[in-house]
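Report on one structure; see the data block that follows.
Just so you know, these numbers come straight off a predicted model, no measurement behind them.
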Amino acid sequence: MSIHINDQNKQFHLTNGQISYIFQVLKNGSLGQLYFGKAIRHRDDFSHFQVNDIPTAASCHFYQEDPAFSLETTRQEFPVPGKGDFREAAIEVETSEGRVGNLFAYQGYEVIKGKLKLDGLPATYANEEEATTLIITLEDQLIGASLQLSYTIFHEHPVITRNVRIVNNGDHTLSLKKIMSASIDLPDADYTMVHLSGTWSRERHIKERQLVQGISSISSIRGASSHHDNPFIALKRKETTEHDNEVYGFNFVYSSNFLAQVQVDHYDTSRVMMGIHPHQFNWQLNNQESFQTPEVVIVYSNEGLNGMSQAYHNLYRQHLIRDPWKIEERPILINNWEATYFDFNEEKLVNIAESAKELGIELFVLDDGWFGKRNDDTSSLGDWFEDEEKLPNGLESLVEKLKQIDIKFGLWFEPEMINPISQLYKEHPDWIVGRQEEHLVFGRNQLVLDFSRREVVDYIYEKMAGIINKTQLSYIKWDMNRNITDAYSAALKLEHQGEFYHRYILGVYDLYERLTNEFPNVLFESCAGGGGRFDPGMFYYAPQAWTSDDTDAVERLKIQYGTSLVYPIYSMGSHVSAVPNHQTLRKTPIETRANTAYFGTFGYELNPLELSEEERELIRTQVQFYKNQRKLVRDGDFYRLQSPFDGNETAWMIISKDQNEALIGWYKVLATVNPKKQQVLKLKGLDENKLYEVNGKGTYYGDELHYNGLQLPTEFNGVNAPFAKRGGDYQSVVFHLVGKDK
């Protein structure tokens with residue numbers, strides 16, 4: 001059994017042999033945290049885990065007759081304000097009369113096999129054999145509200161997911177100003193906080209900060225999870241490495257405003273909270289109305305950061321990405337954007353597709369510029385019909401010609417945006433986000449459609465569904481190129497404007513849900529100016545995301561390395577682009593561009609008509625190589641070996657679950673003078689007793705590759721040109737290992 005319940009002591013122990021999560025009901029009815037970490041044996045009573053020292057005279061004790069019980073010094077599961085705990089609370093709710101909810105007390109529990117779907121929200125899923133869910137009900141009788149705290153433990157993963165639902169059972173309208181999806185108090189503060197931050201074109205760089213007394217936080221109030229802070233944090237010990245010692249991970253399954261923070265108090269307790277950002281959030285609840293929070297995915301690993309990452313990767317591949325794309329092979333695509341930008345016609349597109357097909361590419365994607373009168377980014381967003389000047393015979397004619405050359409078709413949309421120069425804006429100027437009588441802020445010459453309105457979502461659904469049916473396309477790239485400003489909906493009353501951001505993302509999720517249900521075989525790739533909405537909420541609908549608009553192979557080392565901290569390799573859109581690179585002007589060898597892009601969903605961003613015959617032959621080889629390896633990339637365990645944030649070299653590898661096959665990538669950014677003679681790469685995850693053949697040549701045992709290392713090809717040192725196999729800047733090598741019979 002994965003959940004042990006001691007009804008007498010009101011203690012709950014969630015465990016699966018990998019982790020244990022233990023809490024209890026405190027004497028005031030709130031929930032107290034006892035333990036979260038490596039699995040420990042179950043026993044009838046864990047009361048000795050609760051510290052009951054009498055606090056200082058400055059503390060406020062809950063009961064006059066019991067000075068040892070103070071919420072200020074008690075580790076809690078879902079803290080409330082105003083009762084002696086001066087740390088940040090997980091909830092703020094009040095009645096129309098100003099009464100504040102702060103006495104949520106235990107009422108009971110329910111155990112459910114499997115996992116419940118969250119209404120209107122993306123979330124991990126599991127059947128009765130895969131997970132067990134515990135629902136704790138708390139009630140504040142003074143304001144007439146109840147909380148349902150859900151805990152799901154997955155049987156095969158070191159994972160707990162948490163979410164909260166609040167219900168108004170009273171006659172008063174409740175104003176919900178803040179509600180976190182999860183809060184947990186850890187007993188000390190000896191942690192380094194790890195997070196993924198950056199900006200457009202350099203997303204998800206790994207950042208670290210040592211916890212100190214006070215609040216360490218990351219957040220977004222942009223209406224998207226953002227390029228700047230990803231909805232993920234980890235807490236690792238000082239001695240924790242990639243492969244050893246303990247770490248806690250917290251990831252928010254949500255694509256809009258979020259807050260993730262750790263508060264260290266004066267006794268070095270660390271309070272971790274994650275949820276919807278309270279900025280401009282104020283949700284009104286009438287009698288019997290409820291509010292459901294998104295979920296937080298919490299991982300514990302005692303095998304370092306890489307162990308945490310593999311837990312996230314396995315969980316999301318099996319319990320977040322949906323059929324058929326959790327097992328379906330993703331097509332190798334070519335996108336026309338960097339080849340043509342807005343300057344194309346049917347003939348030019350067909351010529352590119354024909355050339356790509358000859359190289360073995362399986363999917364042609366028509367990017368921005370095919371609709372309305374779209375010759376630059378100043379017009380036509382919202383006008384989802386063909387540009388008759390570029391495509392006088394319509395998309396059907398283009399698709400028919402692509403069918404004749406046996407290549408699949410994909411299309412770019414930016415459904416959430418509108419240009420003032422558009423037919424849609426003329427017809428529905430009130431559909432934009434913001435007050436029309438005020439000065440509105442633009443981003444990329446566009447405004448945002450109000451997806452909090454059902455009629456707007458319905459309209460866009462009809463347009464997209466019509467084009468999908470007309471073209472029978474195989475793929476959609478869903479872009480979102482600006483963040484939300486002037487947050488206001490003309491359809492919401494003044495007292496409901498604090499609901500706008502959440503209602504907006506619910507509209508986005510609703511459109512995704514309808515389209516993916518009606519067209520399950522269409523592959524959706526999410527994009528937000530590149531990696532501006534790279535989060536698990538999106539992966540529930542779109543199993544891959546455009547990792548970054550920056551396609552430079554060197555910059556992608558950091559971006560993809562950081563992204564791998566949480567997200568599966570097969571979720572990363574990673575393509576070979578033209579040189580000079582369009583974001584950095586850097587010129588890297590086409591081999592290195594491919595060697596980086598192999599570790600993701602492979603494709604191309606270039607014009608094949610401009611390639612030399614030598615380059616075309618290289619691409620044919622690359623395409624075939626990836627076709628042979630994409631099952632391994634999809635299903636294998638990922639190991640980070642050398643960090644681009646630590647030096648000049650980067651290395652990573654993927655190994656099959658049966659440890660019989662592996663793919664290793666090694667990269668050196670800048671050449672070094674007279675490099676060291678012995679250059680090896682120590683591998684991870686292999687069967688130490690198995691014999692492996694490397695690139696069809698020499699054979700080595702797994703233990704040799706672990707502890708002595710894999711010899712890198714000879715590097716040029718100034719005098720060894722006849723023997724050197726590599727040299728110069730932007731070096732890379734990919735190794736393919738296959739287990740052999742002894």
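A salt bridge does not link E610 to R616: none of the charged nitrogens lies less than 4.0 Å from a carboxylate oxygen. Taking 4.0 Å as the cut-off between side-chain N and carboxylate O, E329 and R630 count as a salt-bridged pair. Between E617 and R620 there is a salt bridge, since a side-chain N of the basic residue sits under 4.0 Å from a carboxylate O of the acidic one. At a threshold of 4.0 Å, the pair D635-K657 does not count as salt-bridged, since none of the basic side-chain nitrogens sits closer than that to a carboxylate oxygen.
Taken from CD1 in I569 to CZ in R634, the straight-line distance is 14.5 Å, to the nearest 0.5 Å.
With T551 contributing its side chain and S577 its backbone, the two residues share no donor-acceptor pair below 3.5 Å. Within the 3.5 Å criterion, the main-chain N or O of W325 finds a donor-acceptor partner in the side chain of R330. A donor-acceptor distance shorter than 3.5 angstrom exists from the side chain of H313 to the backbone of S564, with no hydrogens or angles considered. The backbone N or O of S255 sits less than 3.5 Å from a side-chain atom of Y509, completing a donor-acceptor pair.
For the pair K390 and W370, the cation-pi test (distance below 6.0 Å, angle within 45°) is failed. For the pair R322 and Y540, the cation-pi criterion (under 6.0 Å, within 45° of the ring axis) is fulfilled. Remark: R556 qualifies as a cation-pi partner of W546 under the 6.0 Å distance and 45° angle criteria applied to the six-membered ring.
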Ring pair (Phe, Tyr, Trp, His ring centres under 6.0 Å) evaluation trace for F625 with Y598: CA-CA 9 Å; F625 179 80; Y598 286 146; 4.9 Å; yes
Could you please spell out the steps behind the side chain to side chain donor-acceptor pair (under 3.5 Å) verdict for H706 and E688? CA-CA 8 Å; H706 279 184; E688 295 190 355; 3.1 Å; yes
Should F539 and Y316 be marked as a ring pair (Phe, Tyr, Trp, His ring centres under 6.0 Å) after you check the CA-CA gap, both sets of side-chain angles, and the distance that decides it? CA-CA 8 Å; F539 289 128; Y316 290 163; 7.6 Å; no
Go through it in stages, so that I can follow the logic: the residues are N481 and E414, the test is side chain to side chain donor-acceptor pair (under 3.5 Å), and I'd like the CA-CA distance, side-chain angles, deciding distance and then a yes or no. CA-CA 8 Å; N481 273 304; E414 192 168 4; 3.2 Å; yes
Please lay out, stage by stage, how Y692 and Y701 fare under the test ring pair (Phe, Tyr, Trp, His ring centres under 6.0 Å). CA-CA 6 Å; Y692 292 92; Y701 281 99; 8.9 Å; no
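Ring geometry for H205 versus F645: interplanar angle over 60°, hence perpendicular rather than tilted (30 to 60°). Classified by interplanar angle (parallel below 30°, tilted 30° to 60°, perpendicular above 60°), the ring pair Y341/W337 is perpendicular. In this structure, F371 and W384 have tilted ring planes: the angle between them lies in the 30° to 60° band.
Each salt bridge (Lys or Arg N to Asp or Glu O under 4.0 Å) pair with one or both residues in residues 332-348, not counting sequence neighbours, appears once here: D343-K348, E346-K401.
Smallest separation of non-hydrogen atoms from P608 and I334: CD-CD1, 3.6 Å.
Aromatic ring centroids of Y475 and W412 lie 6.0 Å or more apart.
E555 places a side-chain heavy atom less than 4.5 Å from the side chain of T584.
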